[in-house]
Amino acid sequence: MRILLAVVASVAATLAFFDTATAQYANLISCLQGIQGNPKSYLTIPSSSTYNTDRLGYNVNFNYKPSALYHPATVDDAGAAIQCAAKYNISIAPRSGGHSFEGYGQGGRDGSLVIDVNQFQQFSMDAQTGVATIGAGTRLGPLYMRLWEAGQFLVPGGTCPSVGIGGIALGGGIGMVSRKYGALTNSIVGMEMLDATGTKRHISETSNPELFWALRGAGGGSFGLVTEFQIQAYKAPSAVTTMVYKYPLASYRAAMEGFTKFGRNAPNEFFGAMSVRSNEIELRVNYLSSASIANKTVAPMLARIGVKPLSSDVQEGSWIKAAAKWSGSTNPLDDPDLSVHRYHRGGSLVYRRLLSVTEMDTIFNNLNRRPAESASAYVIFEMWGGKMDRPPRRSPAAFDRHRGVVLGLDFGITWKDPTNQTGTQCAACLEWSAQFRKELYDAYDGGPQSLEAYQNYIEFDLPNWLEAYYGNGVSRLQQIKKDVDSNNLFTFPQSIPLP
Ligand SMILES: Cc1cc2nc3c(=O)[nH]c(=O)nc-3n(C[C@H](O)[C@H](O)[C@H](O)COP(=O)(O)OP(=O)(O)OC[C@H]3O[C@@H](n4cnc5c(N)ncnc54)[C@H](O)[C@@H]3O)c2cc1C
Ligand SMILES: *[C@@H]1O[C@H](CO)[C@@H](O)[C@H](O)[C@H]1NC(C)=O
Ligand SMILES: *[C@@H]1O[C@H](CO)[C@@H](O)[C@H](O)[C@H]1NC(C)=O
Ligand SMILES: *[C@@H]1O[C@H](CO)[C@@H](O)[C@H](O)[C@H]1NC(C)=O
């Protein structure tokens with residue numbers, strides 16, 4: 001009898017919860033529908049015909065169902081949407097390019113209000129200062145193109161042209177020119193942000209300085225909705241050389257060792273990424289000078305590897321040509337292919353030393369045993385250092401936690417969808433990933449509780465994720481969170497928690 005009563009009570013409580021939640025969602029939607037805003041602002045709700053495409057991020061290994069997705073055309077409309085969410089206590093997920101590894105641009109759970117900034121595409125360039133004003137919905141490919149056309153400028157950032165500036169700039173931003181110009185986040189000089197009350201705030205070294213520190217490295221989704229960035233851009237060098245070398249898998253030790261030992265002390269003009277997959281090793285170098293200088297500089301690296309590459313491809317050209325090449329797509333940079341989605345489980349670790357032979361063997365052995373159900377398994381080695389430790393703009397940032405890192409690993413597994421349904425898990429792939437991560441974590445100095453990782457390759461299962469991403473900045477971030485969003489409206493499974 002007691003058990004039965006308990007069951008009845010718990011069913012009733014569950015139903016009450018759903019009723020309340022459903023009512024809150026209905027209230028939220030009518031509030032959003034009532035925004036008397038710009039006619040170009042639009043709303044997608046669960047009954048919309050576009051709901052099931054609009055709610056997809058790049059990684060379709062998630063099937064989160066937002067309560068609604070709002071696409072404001074103006075900052076005022078975005079502010080009104082935040083006020084609707086605040087009124088009914090609905091979590092807000094800002095979304096820019098939707099490339100979060102864990103679907104956090106969709107909230108990382110059901111029921112969030114996604115505020116998608118894709119209509120914020122403004123761009124202008126102050127030719128005097130080289131500071132670019134950039135709408136928070138801009139994707140990297142179009143951004144590189146706009147900067148180039150504004151006078152052959154560049155900013156450091158990633159290779160994938162469909163990644164959104166919102167996520168990448170607030171979490172770091174590492175790529176082809178980072179050893180020369182630092183991480184993208186360190187070049188931010190100002191931002192416009194809407195806080196949890198829908199109030200506009202200008203964020204800079206002198207205006208909201210605590211937020212200026214926090215947003216540059218820990219800003220994605222935790223403190224407010226960034227609508228615009230002001231970023232220091234740099235004149236592109238006149239010649240850029242792209243170099244691609246392929247190596248046989250059997251020489252993985254020589255390749256990893258030769259690349260990382262050279263890369264650690266390479267000139268800042270050098271950026272290298274070595275991707276190791278179960279079928280090939282590819283070493284990519286972006287060198288900010290002519291091919292003859294690039295060839296001369298990397299010669300000791302090739303000698304150190306000591307194995308004849310299966311192929312090599314060295315091309316000298318402009319910065320924008322190099323960016324198009326690294327995009328890995330035949331689409332023009334300003335028109336990235338947004339139809340590409342992946343089933344993906346990935347993560348990262350960063351190191352203040354190079355890998356041991358045992359760790360290299362661990363990587364190789366794991367790639368070798370990837371499950372048949374997977375499409376690919378990869379580890380990408382990236383050399384950090386250079387100006388990432390001494391960025392041109394030296395204003396302290398939450399991202400400084402990673403100063404002194406020499407090597408970043410970015411790893412993952414992808415699989416095909418047998419049914420074309422989103423949220424289809426490949427159990428063998430997830431198991432592979434868990435085992436691989438466990439072996440790497442166990443070998444990390446200090447073990448699985450002392451990991452350091454790059455927050456833009458965010459990963460749900462990372463044992464000590466807060467410290468891994470933010471180090472001794474955690475308590476300061478929590479205080480700032482409390483000061484700006486004490487009701488925790490901007491929340492997702494790995495947002496900065498309240499103190
Ligand atoms: C294929 C691929 C390639 C990548 N390559 C690189 C690379 O070369 N270098 C690199 O450094 N990283 C790279 N990344 C990682 C990338 O930087 C992160 O996934 C980044 O968070 C994606 O940003 P987004 O805006 O596209 O994603 P979203 O999913 O839209 O956002 C990511 C997070 O930021 C928050 N956010 C987004 N916009 C805003 C905003 N306007 N205001 C406040 N919070 C916001 C979201 O709420 C979410 O928590 C890559 C990722 C993928 C999938
Ligand atoms: C808002 O909702 C969260 C859970 O989603 C809850 O923990 C919190 O107490 C709520 N806040 C208010 C003010 O109702
Ligand atoms: C650079 O090296 C490649 C071989 O790796 C060669 O094909 C190319 O001609 C060289 N370019 C210059 C300018 O030396
Ligand atoms: C799955 O999608 C692909 C391409 O998107 C399509 O060619 C194929 O027919 C689809 N399969 C099913 C079972 O719907």
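Order of appearance sets the numbers: ligands from 1, and atoms from 1 within every ligand. The first residue in the sequence is number 1, and the count goes up from there.
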Numbered atoms of ligand 1 (with element) below 4.0 Å of [X], judged on heavy atoms:
X      : value
Leu170 : 42 (N), 43 (C), 44 (N), 45 (C)
Gly158 : 7 (C), 8 (O), 9 (N)
Gly224 : 42 (N), 43 (C)
Tyr58  : 1 (C), 53 (C)
Cys160 : 1 (C), 3 (C)
Thr159 : 8 (O)

Just to be sure I'm reading this right: ignoring hydrogens, which of Asn456, Ile380, Leu194, Val117 gets closest to atom 21 (O) of ligand 1? Compare them by their nearest heavy atoms.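 Nearest option to atom 21 (O) of ligand 1, by heavy atoms: Asn456.
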If you take all heavy atoms of Ala397 and Arg216, which pair is closest and at what distance? CB-O, 3.4 Å
Under 4.5 Å between any side-chain heavy atoms of Phe229 and Thr185, yes or no? no
Taking C-beta and beyond as the side chain, do Leu451 and Leu462 meet within less than 4.5 Å on heavy atoms? yes
Short N/O distance, under 3.5 Å, between [X] and ligand 1?
X      : answer
Gly221 : yes
Arg95  : no
Phe492 : no
Ala93  : no
Ile174 : yes
Tyr454 : yes
Val226 : yes
Gly98  : yes
Gly97  : yes

With heavy atoms only and a cut-off of under 4.0 Å, state how Ser100 meets ligand 1: side chain, backbone, both or neither. both
Counting only heavy atoms closer than 4.0 Å, does ligand 1 sit against the backbone of Ile165, its side chain, both, or neither? neither
Can a side-chain donor-acceptor contact be found between [Y] and [X] if the only test is distance below 3.5 angstrom?
X      : Y      : result
Ser433 : Arg345 : no
Gln425 : Asn61  : yes
Gln494 : Gln455 : no
Glu228 : Gln230 : yes

Once you measure the plane-to-plane angle for His402 and Trp384, does it fall in the parallel (<30°), tilted (30-60°) or perpendicular (>60°) bin?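 It falls in the perpendicular class, over 60°.
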Return the orientation label for the Phe270 and Tyr287 ring planes: parallel under 30°, perpendicular over 60°, tilted otherwise. perpendicular
What's the shortest distance from [atom] to any protein heavy atom, and which residue and atom give it?
atom                    : value
atom 14 (N) of ligand 1 : Tyr457 CE2, 3.5 Å
atom 36 (N) of ligand 1 : Pro94 O, 3.8 Å
atom 19 (O) of ligand 1 : His99 O, 3.0 Å
atom 49 (O) of ligand 1 : Tyr104 CB, 3.6 Å
atom 4 (C) of ligand 1  : Val163 CG2, 4.0 Å
atom 51 (C) of ligand 1 : Phe101 CE1, 3.7 Å
atom 38 (N) of ligand 1 : Ser96 CB, 3.3 Å

Does any N or O atom in Ser292 lie less than 3.5 angstrom from one in ligand 3, N or O only?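 There is no such contact.
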Would you find a donor on one side and an acceptor on the other, under 3.5 Å apart, between the side chain of [X] and the backbone of [Y]?
X      : Y      : answer
Asn456 : Ile168 : yes
Asn286 : Phe271 : no
Arg179 : Glu269 : no

For Ser312, take its heavy atoms, then give the atoms of ligand 3 lying under 4.0 Å from any of them.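 The atoms of ligand 3 under 4.0 Å from a heavy atom of Ser312 are 5 (O).
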Hey, is [atom] under 4.0 Å from any protein heavy atom?
atom                    : answer
atom 4 (C) of ligand 2  : no
atom 7 (O) of ligand 2  : no
atom 11 (N) of ligand 3 : yes

Taking N or O atoms only and a 3.5 Å limit, does Asn487 qualify as a polar contact for ligand 2?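 In this structure, Asn487 places no N or O atom under 3.5 Å from an N or O of ligand 2.
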Using heavy atoms and a 4.0 Å limit, tell me yes or no: is Gly173 in contact with ligand 1?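 Within the 4.0 Å threshold, so yes.
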Output, in order, the C-alpha distance, side-chain angles, deciding distance and verdict of side chain to side chain contact (heavy atoms under 4.5 Å, CB included) for Tyr234 and Trp319. CA-CA 12 Å; Tyr234 309 94; Trp319 155 249; over 6 Å; no
So, are [X] and [Y] salt-bridged, with charged N and O less than 4.0 Å apart?
X      : Y      : answer
Glu459 : Arg437 : yes
Glu452 : Arg352 : yes
Glu316 : Lys321 : no

Supply the atom-to-atom distance Met145 CE to Asp334 CG, rounded to the nearest 0.5 angstrom.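 It is 5.0 Å, given to the nearest 0.5 Å.
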Can Asn27 and Lys87 be said to form a side chain to side chain donor-acceptor pair (under 3.5 Å), step by step? CA-CA 9 Å; Asn27 287 334; Lys87 187 168 174 190; over 6 Å; no
